[in-house]
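The first residue of the sequence shown is numbered 1, and numbering continues consecutively from there. Order of appearance sets the numbers: ligands from 1, and atoms from 1 within every ligand.
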Amino acid sequence: MDGEAALTMRYPWEDAPAHGEAIEIAEGVLWLRFPLPMKLDHVNVYALDDGDGWTVIDTGFNSEKMRDLWRTVMDGPLKGKPVKRVVVTHHHPDHVGLAGWLQSEFGAQLITTRTSWLFARMLTLDVQTEMTQENIAFYRSAGMDPDILAERIAERPFNFADIVYPMPSGYTRIKQGDVFRMGGRDWDVHIGNGHAPEQATFWSRDDNLVLSGDQILSSISPNIGVYPTEPEADPLADWLESCERLATLARSDHLALGGHKLPFVGLPLRMRQLADNHHSALDRMLDHLKTPGTAADCFLAVFKRQIGKSEYGMALVEAVAHVNHLYLTGAVTRTRREDGAWLYQSKA
Ligand SMILES: [Zn+2]
Ligand SMILES: [Zn+2]
């Protein structure tokens, strides 16, 4: 294969479908969009025609407006045929938000990985009215700006249940190596990690389609974050391992259908970029941390730009992912500052 030609990306559709409408990506595969009330303002949903019903991939957030939009979609592009199965790629609220509703209102079967299901259900049940001590300690360790921390402590914390419909007990597990049939195709299940633990991706055996969830996105780099549930985690190591493993499956004719942004052709190049972005961020941080600093001090080194208030939370968990990786691979040391923040310093 011509190496240069293989390493390009193109977007067969310039525009996404309007809300409530669908674009037919391939026979029996519909692409839909649901709005999100944040900077990343949409999530992609796919509907696969199983003949007597639909399998849908991911769901959007839970709100009355989104449930209304689903009803519009069911009567419109889904032609009144039932949603029999809902496949959730990973546990994040923009993907799992209405899975429980599709189960309890429409009798759909929920199919996802065990970790996705356990995380989604655990977090939905774990409603907190005040920020927990563990959360406060986590943000202090990360060197969160004291004003932002004080503001957050004063507010009711974000709860998963705010935007995720209650999840009934019971789901069907998929795992690495499974072959799953939907939309008239057989799909190999490959698990990715790093953005979310045990995220499912689906690789068609019968044509060139890949349902990549948020593991592989076209024009934004998936967030790699550390959270108070596992403060010493190294999701970046998991991410880099997944990139290497999934890159061996990538073909230049694959059409990747991700959870956000536009479908694209050019997986071999994208897999390389998704790993390289982080390797260069780690290099910049090692340089930056010749002078001791906290995770929050590393924003410019990680992102190469200033971080606004609306992105602060996502940026902080990603900065922690990078310092944790450097610390756990022995590239930096860390000491506690008086205010509880970890101060990292490059060894070299
Ligand atoms: Zn996600
Ligand atoms: Zn997402």
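- Looking only at side-chain heavy atoms (C-beta outward), Phe180 and Arg85 come within less than 4.5 Å of each other.
- Within the protein, the number of N/O/S atoms found under 2.8 Å from the Zn ion (ligand 2) is 4.
- Contact detail for Ile191 and Gln176: the closest heavy-atom pair is N-OE1, 2.8 Å.
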Donor-acceptor pairs are to be reported for all side-chain atoms of residues 281-288 against protein atoms at under 3.5 Å, with residues two or more places apart or in another chain.
residue: Arg284; atom: NE; partner: Ala301; partner atom: O; Å: 2.7
residue: Arg284; atom: NH2; partner: Ala301; partner atom: O; Å: 3.3
residue: Arg284; atom: NH2; partner: Val302; partner atom: O; Å: 2.9
residue: Asp287; atom: OD1; partner: Lys290; partner atom: NZ; Å: 2.8
residue: His288; atom: NE2; partner: Asp297; partner atom: O; Å: 3.0

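- Trp13 and Leu262 get closest at one heavy-atom pair: O-CD1, 3.6 Å.
- Listed by chain and residue number, Lys39, Arg305 satisfy the side-chain hydrogen bond (donor to acceptor under 3.5 Å, both in side chains) test with Glu311 (two or more places apart in sequence, or in another chain).
- His195 has its closest N, O or S atom to the Zn ion (ligand 1) at the position named NE2.
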Enumerate donor-acceptor pairs with a distance under 3.5 Å from any side-chain N or O in residues 104-111 to protein atoms, sequence neighbours excluded.
residue: Ser104; atom: OG; partner: Gly100; partner atom: O; Å: 2.7
residue: Gln109; atom: NE2; partner: Thr172; partner atom: OG1; Å: 2.9

